[in-house]
J.: 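Take this structure first; my questions come after.
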Amino acid sequence: MLKGKSQAFLEMASEEAAITMVNYYTPSTPYLRSQPVYIQYSNHRELKTDNLPNQAGAQAALQAMNAAQSGNVAATSGLVPEGQGCVLRVIVDNLIFPVSLDALYQIFSRFGCVLKIITFTKNNQFQALLQYAEPMNAYNAKMALDGQSVFSACCTLRIDFSRLSSLKVKYNNDKSRDFTRLDLPSGYGQPPPEPYAGGAFGTPNTIYPSYAGAPGFVPPTGFAQGVGFSVPPFHGAGGSLTFTSAVPPGQMTTPVFTGVPVNSVLLVSNLNPEAITPYGLFILFGVYGDVLRVKIMFKKKENALVQMANATQAQLAISYLNGQRLYGRVLQATFSKHPTVQLPREGEEEQGLTKDYSNSPLHRFKKPGSKNFQNIFPPSATLHLSNIPPSVTVDNMKNLFASTGFTVKAFRFFQKNNKMALIQLASVEEAIHALIELHNHDLGENHNLRVSFSKSTI
């Protein structure tokens, strides 16, 4: 512990445990004794604690953090109902002030990556269906937000699990949004996708326990403050999110939410300067959106700026790539303060470190209606391969990956389509390297290999 600085170093048992902890607490800040605790990676590889005078305090902090972490592991693994999916149904009771789709996005994105939202009115009640990337995110959101009020004494959230495994969104507008499908039209007014019949959502006559967390731990919503609104964290279930309006009495207003991303430029740090290139970042981040420009910092090559086509793609890239291992280091991605990536003047030293990919033919999401919008998955050890020419055999593909230095664990062509295949490598990190190395590889016969992450296993 650093005396007088309200800071401390914490060494985990393994690097994987540290990654898991940072990834868990980044979207949901832990609280100790009603104070937020911010967790990030340190440059120190190891702590030396011999003969330090403040060991008692350090041990107390360590025990408290262990209690918080173990309490949340129980809440997110042991209590998640078997078969529970990623979709929540949200009913807003006592709707005095309007609650927009963007407001719901900000509230619920504190608990994980929100993929789709559909809002509608049924039985004179404002409702929403909301799909997360993972069932654990949906469970955490329900436990923390069910019974909370968006405004003091009104707009109370009633949340249950939906039987739907996924949502089908036709339009991107103020009523529905698919954050993975930027090509959708903005047509207005679609019917509710899920007819409500008693017991269709969640488990009938079952009350799940309210989430209070481990002792000393409070899961806050962490809203950004809007103009004229104070947004304190709520303490446990059954309370209020409490937006306190500063407008004159009798005037209705809608809070200004600032948590929805508006910047398309990412700051990517902790890179391996010996291995990373602008092209490598273009290919990797291009899995989650169209990369327009990449700039590796001339004086600090561990850092880079990546400009995506829009803010939604930037958010997807952060959600899926932050905390992943890349060339022996843990990649860190967050929003940059820069609105764009500036190209260097001709002849400047850093010219080779800044690349413009605005007109690249390798963009995956330029074509409206492309299936790529429906196949965005987190990095995994299994890769999806496509655009394989008919003459290429199983051994040809295995040898391609093995000769490039990768360990092939399994491989199979699709049964009904030999243009596509799955390949399983030794680790997620190795699969990331392989994607960077072999995406767009020339296989002959005017076929360039297409590589993406797969949700399937072999």
Side-chain angles (χ1 to χ4, degrees), residues 19-31 39 67-93 103-118 127-150 156-167 179-180 194 196 199-223 233-239 241 259 315-316 319-320 322-323 377-378 455:
I19 294 171
T20 300
M21 186 172 185
V22 171
N23 285 348
Y24 183 86
Y25 286 121
T26 296
S28 183
T29 306
Y31 275 58
I39 301 172
Q69 189 179 28
S70 61
N72 283 291
V73 168
T76 57
S77 58
L79 294 181
V80 175
E82 185 177 352
Q84 176 232 299
C86 301
V87 181
L88 295 175
R89 180 179 68 118
V90 182
I91 296 176
V92 183
D93 283 341
L104 291 173
Y105 174 85
Q106 183 185 351
I107 293 169
F108 283 86
S109 64
R110 293 300 300 160
F111 298 89
C113 181
V114 176
L115 302 182
K116 304 171 186 178
I117 300 176
I118 298 173
Q127 303 184 26
L129 292 170
L130 185 143
Q131 180 180 343
Y132 277 105
E134 300 290 342
M136 182 185 73
N137 305 144
Y139 180 83
N140 286 343
K142 182 192 183 304
M143 292 300 101
L145 294 177
D146 188 23
Q148 301 293 331
S149 296
V150 179
T156 303
L157 304 177
R158 304 297 179 194
I159 305 172
D160 210 338
F161 300 116
S162 169
R163 284 184 177 176
L164 289 176
S165 58
S166 65
L167 300 179
F179 297 98
T180 69
E194 183 178 32
Y196 177 69
F201 301 93
T203 307
N205 305 317
T206 300
I207 300 175
Y208 294 102
S210 299
Y211 179 77
F217 175 78
V218 179
T221 51
F223 298 106
F234 64 86
H235 296 268
L241 304 184
Q315 178 66 68
L316 277 175
S319 300
Y320 286 122
N322 183 49
F377 303 112
K455 66 176 180 179

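Values below: all heavy atoms of this structure, side chains included; hydrogens, waters and symmetry mates excluded. Position 1 is the first residue of the sequence, and the numbers go up from there.
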J.: Between NZ of Lys116 and OG of Ser166, what distance do you get to the nearest 0.5 Å?
T.: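 So the NZ of Lys116 and the OG of Ser166 are separated by 5.0 Å.
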J.: Check Ser149 against Thr156 and note the closest heavy-atom contact, atom names and distance.
T.: OG-OG1, 2.9 Å
J.: Restricting to non-hydrogen atoms, name the atom on Gln106 and the atom on Ser109 that form the minimum distance, rounded to 0.1 Å.
T.: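 That would be O-OG, 3.2 Å.
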J.: Quick one: do Leu316 and Phe179 satisfy side-chain contact (heavy atoms from CB on, under 4.5 Å)? Show the steps, please.
T.: CA-CA 8 Å; Leu316 277 175; Phe179 297 98; 5.7 Å; no
J.: In Å and rounded to the nearest 0.5 Å, what is the NZ to CZ distance from Lys142 to Arg89?
T.: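 CZ of Arg89 is found 11.0 Å from NZ of Lys142.
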J.: Before you tell me yes or no, could you show the steps for Ile117 and Phe108 under side-chain contact (heavy atoms from CB on, under 4.5 Å), namely the whole-Å CA-CA distance, both residues' side-chain angles and the distance that decides it to 0.1 Å?
T.: CA-CA 10 Å; Ile117 300 176; Phe108 283 86; over 6 Å; no
J.: So which atom in Leu88 and which in Tyr132 form the shortest heavy-atom distance, rounded to 0.1 Å?
T.: CD1-CE1, 3.9 Å
J.: Going through the checks in order, is the side-chain contact (heavy atoms from CB on, under 4.5 Å) test met by Val150 and Val92?
T.: CA-CA 9 Å; Val150 179; Val92 183; 5.6 Å; no
J.: One pair to check against side-chain contact (heavy atoms from CB on, under 4.5 Å): Asp146 and Leu157. What are the steps and the verdict?
T.: CA-CA 6 Å; Asp146 188 23; Leu157 304 177; 5.9 Å; no
J.: Relative to the ring of Phe161, is the ring of Tyr139 parallel (under 30°), tilted (30 to 60°) or perpendicular (over 60°)?
T.: parallel
J.: Distance from Ile159 atom CD1 to Met143 atom CE, nearest 0.5 Å?
T.: 9.0 Å
J.: Identify the heavy atoms of Cys86 and Glu134 that sit nearest to each other, and give their distance.
T.: SG-C, 3.6 Å
J.: Taking all heavy atoms of Arg158 and all of Asp93, pick out the closest pair and write down the distance.
T.: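 That closest heavy-atom pairing would be CG-OD2, 3.1 Å.
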J.: For Leu167 and Leu129, which heavy atoms make the closest approach, and how far apart are they?
T.: CD1-O, 3.6 Å
